Protein chains: 2
Amino acid sequence: MFSHSEENYLKVIHKLAFSNSKNVSTNLIANELQTKASSVTDMLKKLADKKLVNYEKYRGVSLTKKGELIAVNVVRKHRLWEVFLVDTLKFNWDEVHDVAEQLEHIKSDQLIDRLDTFLNYPTIDPHGDPIPKKNGEIPFNNSILLSEGITNKIYKVSCVKDNSKSFLQFLDKHEITINSELTIVDKFDFDDSMTVKLIGGHSIILSNKVSTNVFVNLK
Amino acid sequence: MFSHSEENYLKVIHKLAFSNSKNVSTNLIANELQTKASSVTDMLKKLADKKLVNYEKYRGVSLTKKGELIAVNVVRKHRLWEVFLVDTLKFNWDEVHDVAEQLEHIKSDQLIDRLDTFLNYPTIDPHGDPIPKKNGEIPFNNSILLSEGITNKIYKVSCVKDNSKSFLQFLDKHEITINSELTIVDKFDFDDSMTVKLIGGHSIILSNKVSTNVFVNLK
DNA sequence: CTAAAAATTTAGACTAGTCTAAATTTGAGA
DNA sequence: TCTCAAATTTAGACTAGTCTAAATTTTTAG
Ligand SMILES: [Mn+2]
Ligand SMILES: [Mn+2]
Ligand SMILES: [Mn+2]
Ligand SMILES: [Mn+2]
């Protein structure tokens, strides 16, 4: 079994490797975990000793097969718990992250299997992120950023990139949720903003910051 | 906020104070927590510094108001999670303790409030133990031990004292559960065993070890 | 009342995880 | 290719929690 701290490092390395492709740097990890680079170096050595990461001094790290499996399993638990919190306990989607950060470290395979069954095998979490399978496979989703959409097509919101309270509350305010359907009416080169119309709802001007944090699928 | 470890010490002191009335000794705590007396002494000093226990060298400890409140809250969380595991996730009553030991340390008042609501404000856990109220009040239950019952009365099983897997599985095997109704047909002085008949069910001879680990209420 | 046993505390050490400050390595730009 | 700033690691320290072994206090029994 691995400690809370080890699991958090593995999860963060997994996350950063996803967006940065090659080796993940010490400073990136330190920044993501709100800790110091020296602490990260210490932990990377421990994880390397346990064969969870490939670590070469000054060259950053990548996850081994073993490390990857543990990281993905923590992500699976995090997202399943988020579904439970929103669907079953009626939390709002902007309230669940911190509690899920704790729940993801509970050690019990049986618990997570039964939770999965109770929730009826969900495939995405409340923010649209895919829930990894038990075997570590992560369902692929060919979404695009709303900012890359073109006018006069119908899109469905599939996922939000920024999970911050303020962004999620902004979306709530404007009635944009996962599965909302919308059309891009107009795109403005000047500031990369766009006018969007929710199907059967209101129109709204979205800044580039918003449209680059929302993923959509063509209907 | 208090650490995992601090919460466990407070919970154990609370439990032991309940059955031992006066001050709780270092060795009792060490035994209950499967740790060493010297470790207990160290922690008692820390808890005393934080005004969570009244500690006098060589004389054992008792909880302060503040310590008591924290301990009872951990017990509340433990028991609510046990209800969730059994009622919602369909765990058997002999499988839930270890997972609840982990879940009881999750920090979120909102989580426990919503769990309580979802479970419809249960008053007892799967083993019949009372679930403390939010304010720290513990519902009193005037049960007696089955071993103290008399013949030819109808009793209802209210709680089990021993929560070990082997005892709970023994009870399962003989179809004795919380709320089972039964009559004591005969009591044998020789070994303090008794013959018990389940209402509408079979008769069975119970050893003293069994009857002193089952609480009942007169119907 | 007193000696031995039992309980408890103290002393000193160890691990995990973290930090600051100093040293080292890397790599970008002149 | 050289220099220097940025990135990274090392050195040394600190906290929480634990342990063993030794010292001290309390309790028990004769
Ligand atoms: Mn989250
Ligand atoms: Mn999420
Ligand atoms: Mn329990
Ligand atoms: Mn219980």
Side-chain angles (χ1 to χ4, degrees), chain A residues 1-13 16-17 19-63 67 70-71 74 101-102 104-107, chain B residues 1-13 16-17 19-63 67 70-71 74 101-102 104-107:
Chain A
M1 279 313 107
F2 301 95
S3 71
H4 273 213
S5 195
E6 288 170 328
E7 289 187 344
N8 282 334
Y9 274 91
L10 294 173
K11 192 179 58 158
V12 160
I13 296 167
L16 295 173
S19 30
N20 299 275
S21 65
K22 50 182 179 303
N23 272 14
V24 177
S25 76
T26 301
N27 269 358
L28 259 184
I29 299 170
N31 179 61
E32 188 75 19
L33 280 173
Q34 299 284 73
T35 184
K36 301 297 169 185
S38 56
S39 306
V40 174
T41 301
D42 286 348
M43 182 57 93
L44 295 183
K45 287 180 192 165
K46 287 178 208 162
L47 295 176
D49 286 349
K50 296 186 179 183
K51 311 279 186 216
L52 300 173
V53 299
N54 306 114
Y55 171 57
E56 208 185 336
K57 258 183 165 184
Y58 295 103
R59 299 260 101 108
V61 279
S62 61
L63 293 174
I70 294 163
V74 174
E101 283 294 309
Q102 298 180 63
E104 72 188 6
H105 301 294
I106 301 289
K107 263 83 177 172
Chain B
M1 280 311 108
F2 301 95
S3 73
H4 223 244
S5 196
E6 288 170 327
E7 289 188 344
N8 281 333
Y9 273 90
L10 293 173
K11 192 179 58 157
V12 160
I13 296 166
L16 295 172
S19 30
N20 297 275
S21 65
K22 51 183 178 300
N23 272 13
V24 176
S25 76
T26 302
N27 268 359
L28 259 184
I29 298 169
N31 180 61
E32 188 76 19
L33 281 172
Q34 299 283 71
T35 184
K36 301 298 170 185
S38 55
S39 306
V40 174
T41 301
D42 286 347
M43 181 57 93
L44 294 184
K45 288 181 192 166
K46 286 178 208 160
L47 295 175
D49 286 348
K50 297 186 179 184
K51 312 282 186 212
L52 299 173
V53 299
N54 307 114
Y55 171 56
E56 209 186 335
K57 258 183 163 185
Y58 295 103
R59 299 261 99 110
V61 280
S62 61
L63 293 174
I70 294 163
V74 174
E101 282 294 310
Q102 298 180 63
E104 72 189 6
H105 299 293
I106 302 288
K107 263 82 177 173

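The shown structure was predicted, so the numbers you read here are calculated from the model rather than taken from an experiment. Here is the naming used below: chain letters follow the sequence lines, and residue numbers restart at 1 for every chain. Hydrogens, waters and symmetry mates are skipped; everything else that's a heavy atom, side chains included, is used.
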Look at the side-chain N and O atoms of [X] and state whether any lies under 4.0 Å from the OP1 or OP2 oxygen of [N].
{"X": "A:Tyr9", "N": "C:dA16", "result": "no"}
{"X": "A:Lys45", "N": "D:dT10", "result": "yes"}
{"X": "B:Asn27", "N": "C:dT8", "result": "yes"}
{"X": "A:Thr41", "N": "D:dT10", "result": "no"}
{"X": "A:Ser39", "N": "C:dC19", "result": "yes"}
{"X": "A:Ser5", "N": "C:dA16", "result": "no"}

Verdict with supporting geometry, A:Thr35 and A:Tyr9, side-chain contact (heavy atoms from CB on, under 4.5 Å): CA-CA 11 Å; A:Thr35 184; A:Tyr9 274 91; 4.0 Å; yes
Using atom [atom1] of [X] as one end and atom [atom2] of [N] as the other, report the distance to the nearest whole Å.
{"X": "B:Glu7", "N": "D:dG17", "atom1": "CD", "atom2": "P", "answer": "11 Å"}
{"X": "A:Asp42", "N": "D:dA11", "atom1": "CG", "atom2": "P", "answer": "11 Å"}
{"X": "B:Met43", "N": "D:dC19", "atom1": "CE", "atom2": "C1'", "answer": "14 Å"}
{"X": "A:Glu56", "N": "D:dA7", "atom1": "CD", "atom2": "C1'", "answer": "16 Å"}
{"X": "B:Asn8", "N": "D:dT18", "atom1": "CG", "atom2": "P", "answer": "9 Å"}
{"X": "A:Leu44", "N": "C:dT18", "atom1": "CG", "atom2": "C1'", "answer": "14 Å"}
{"X": "A:Tyr58", "N": "D:dA7", "atom1": "OH", "atom2": "P", "answer": "14 Å"}
{"X": "A:Asn23", "N": "C:dG27", "atom1": "CG", "atom2": "P", "answer": "12 Å"}

Options [options], nucleotide nearest the side-chain atoms of [X]:
{"X": "A:Lys57", "options": "C:dT9, C:dT18, D:dT9", "value": "D:dT9"}
{"X": "A:Thr35", "options": "D:dT8, C:dT8, C:dC19", "value": "C:dC19"}
{"X": "B:Ser25", "options": "D:dT8, C:dT8, D:dT18", "value": "C:dT8"}
{"X": "B:Arg59", "options": "D:dT27, D:dC19, C:dT9", "value": "D:dT27"}
{"X": "A:Glu6", "options": "D:dT18, D:dT8, C:dG17", "value": "C:dG17"}
{"X": "B:Tyr55", "options": "C:dT9, C:dG17, D:dT26", "value": "C:dT9"}

Base D:dT20 paired with B:Ser38 side chain (donor-acceptor, <3.5 Å): yes
Residue whose closest nucleotide on DNA chain D lies nearer the 5' end, B:Lys36 versus B:Lys50: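 In this pair, the answer is B:Lys50.
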Under-4.0 Å salt bridge between B:Glu32 and B:Lys11: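 The answer is no: the pair does not qualify as a salt bridge.
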Crowding at NZ, B:Lys107 (>12 non-hydrogen neighbours, <6.0 Å):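 Above 12, so yes.
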Enclosure of B:Glu56 CD (heavy-atom neighbours >12, cutoff 6.0 Å):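 Count not over threshold, so no.
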Between CG on residue A:Leu47 and NZ on residue A:Lys45, distance to nearest 0.5 Å: 12.5 Å
Aromatic ring pairing B:His4/B:His105, orientation class (parallel under 30°, perpendicular over 60°, tilted between): tilted
Sugar-phosphate only, base, or nothing, as touched by A:Thr26 at under 4.0 Å among non-hydrogen atoms: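 Result for A:Thr26 = sugar-phosphate.
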